[in-house]
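These notes are about the structure you will find just below.
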Amino acid sequence: CSDPLDAVTEHMLSAAMGALLTPGQAQAGRWRVRCAHEATPPSMRDLAIQAGLASLGPAGLVAHPQWGPWISFRAAIVTPWAAASLETGAVGPCHGCPGPCGPAMEEALRAAPIPVGATRVPVESWRVYAEARASCPVGAAERYGHDQLEYHYTHDRDVLRRAVAQRRK
């Protein structure tokens, strides 16, 4: 398949939906999975913020109170239920932070600008964007490992092959 992580995401969500829904509910099509890798995806960033799962930090990254920017929203389940008000009053992890990620992201953008209309950072410059993300002090212990970071930014399947080969040793 074109992206194993996307395939696993779809498989796991399909299995979860099958376990949750009665055949009638599934056939009615009122429950749907929307994935970040669709041709016209919903904004996972906006959905995560609206759901109260994360907040927007100074660098434009979503940050979870525990995991900081080391979290990835890959899909959403659309239900037939009306949206509930999520006014929790909770303060996001960036409140009161000096925001070292903002200047770090500005530097990354100067070093390797993202072309207008692009939805991803320039693959050859992924490290500078990963370092901007790493400048966030929240969730530092949750930082992705090198292989996970490289694959997240490049989608290079050789990274997956190397990681699998290393685990087999």
Side-chain angles (χ1 to χ4, degrees), residues 1-10 12-13 32-79 82-160 163:
C1 63
S2 63
D3 189 309
L5 186 55
D6 291 344
V8 167
T9 299
E10 287 183 18
M12 298 299 288
L13 283 170
R32 295 185 324 276
V33 173
R34 296 292 313 271
C35 294
H37 61 271
E38 293 175 10
T40 54
S43 169
M44 293 297 155
R45 180 180 88 167
D46 292 348
L47 289 174
I49 293 167
Q50 290 170 5
L53 299 172
S55 59
L56 189 60
L61 299 170
V62 292
H64 182 273
Q66 177 180 345
W67 300 303
W70 306 107
I71 190 166
S72 179
F73 297 97
R74 304 200 55 80
I77 297 174
V78 180
T79 72
S85 173
L86 295 172
E87 297 291 328
T88 63
V91 176
C94 301
H95 181 76
C97 178
C101 62
M105 186 61 76
E106 289 173 13
E107 179 58 33
L109 287 165
R110 276 193 295 279
I114 299 173
V116 174
T119 59
R120 299 176 52 96
V121 301
V123 172
E124 66 280 357
S125 305
W126 72 268
R127 286 176 183 84
V128 70
Y129 287 94
E131 286 307 312
R133 179 181 294 248
S135 70
C136 176
V138 180
E142 309 300 332
R143 181 180 174 161
Y144 299 165
H146 177 80
D147 289 339
Q148 187 176 359
L149 266 174
E150 185 175 0
Y151 185 76
H152 176 78
Y153 281 102
T154 67
H155 289 237
D156 181 348
R157 294 192 52 166
D158 285 339
V159 174
L160 293 179

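Only this structure's heavy atoms are used, side chains among them; waters, hydrogens and symmetry mates stay out. Since the structure is predicted, the reported quantities are computational estimates derived from the model, not experimental observations.
Looking only at distances, a side-chain donor or acceptor of Y129 sits under 3.5 Å from a matching main-chain atom of A112.
For the pair C101/P69, no side-chain contact is recorded, criterion being any heavy-atom separation below 4.5 Å from C-beta on. Counting heavy atoms from C-beta on, the side chains of P100 and C136 never come closer than 4.5 Å. A heavy-atom distance below 4.5 Å is not found between the side chains of P113 and P115.
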**OP:** Would you check, one step at a time, whether the test side chain to side chain contact (heavy atoms under 4.5 Å, CB included) holds for R45 with Q50?
**Re:** CA-CA 9 Å; R45 180 180 88 167; Q50 290 170 5; over 6 Å; no
Original post:
How far apart are the C-alpha atoms of R74 and D6, what are their side-chain angles, what is the distance that settles it, and do they pass the salt bridge (Lys or Arg N to Asp or Glu O under 4.0 Å) test?
Top reply: CA-CA 8 Å; R74 304 200 55 80; D6 291 344; 2.3 Å; yes
Original post:
For V138 and W67, what are the C-alpha separation, side-chain angles and deciding distance, and is it a side chain to side chain contact (heavy atoms under 4.5 Å, CB included)?
Top reply: CA-CA 7 Å; V138 180; W67 300 303; over 6 Å; no
Original post:
Given V62 and I49, is the side chain to side chain contact (heavy atoms under 4.5 Å, CB included) satisfied, shown in steps?
Top reply: CA-CA 8 Å; V62 292; I49 293 167; 4.1 Å; yes
**OP:** Test W70 against H64 for side chain to side chain contact (heavy atoms under 4.5 Å, CB included), laying out the working first.
**Re:** CA-CA 8 Å; W70 306 107; H64 182 273; over 6 Å; no
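Separating the CD atom in E150 from the CG atom in L160 is a distance of 10.0 Å, to the nearest 0.5 Å. For the atom pair OG of S43 and CZ of F73, the computed distance is 11.0 Å after rounding to the nearest 0.5 Å. A distance of 6.5 Å separates CE of M44 from SG of C35, quoted to the nearest 0.5 Å. From R34, atom CZ reaches atom CG of L13 across 13.0 Å, with rounding to the nearest 0.5 Å. A distance of 8.0 Å separates CG in L61 from CG in L56, rounded to the nearest 0.5 Å. Separating the CD1 atom in I77 from the CG atom in L47 is a distance of 12.0 Å, to the nearest 0.5 Å.
Between the side chains of R120 and H155, a donor-acceptor pair is found at a separation under 3.5 Å. Using modelled atom types and a 3.5 Å distance limit, the side chains of H37 and E10 yield a donor-acceptor pair.
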What donor-acceptor contacts under 3.5 angstrom involve side-chain atoms of residues 102-110, with partners at least two apart or in another chain?
| residue | atom | partner | partner atom | Å |
| --- | --- | --- | --- | --- |
| E107 | OE1 | R110 | NH2 | 3.0 |

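Closest non-hydrogen pair, S72 versus Y144, comes out as N-OH, 3.6 Å. Here the shortest heavy-atom pairing between P41 and A36 reads CB-O, 3.4 Å. Annotation for G68 and I71: closest pair O-CG2, 3.7 Å, computed over non-hydrogen atoms.
Relative orientation of the W126 and Y153 rings is parallel, given thresholds of 30° and 60° on the angle between their planes.
With sequence neighbours excluded, the residues forming a side chain to side chain contact (heavy atoms under 4.5 Å, CB included) with D156 are T154, D158, V159, listed by chain and number. Residues passing the salt bridge (Lys or Arg N to Asp or Glu O under 4.0 Å) test with E131 are R143, sequence neighbours excluded.
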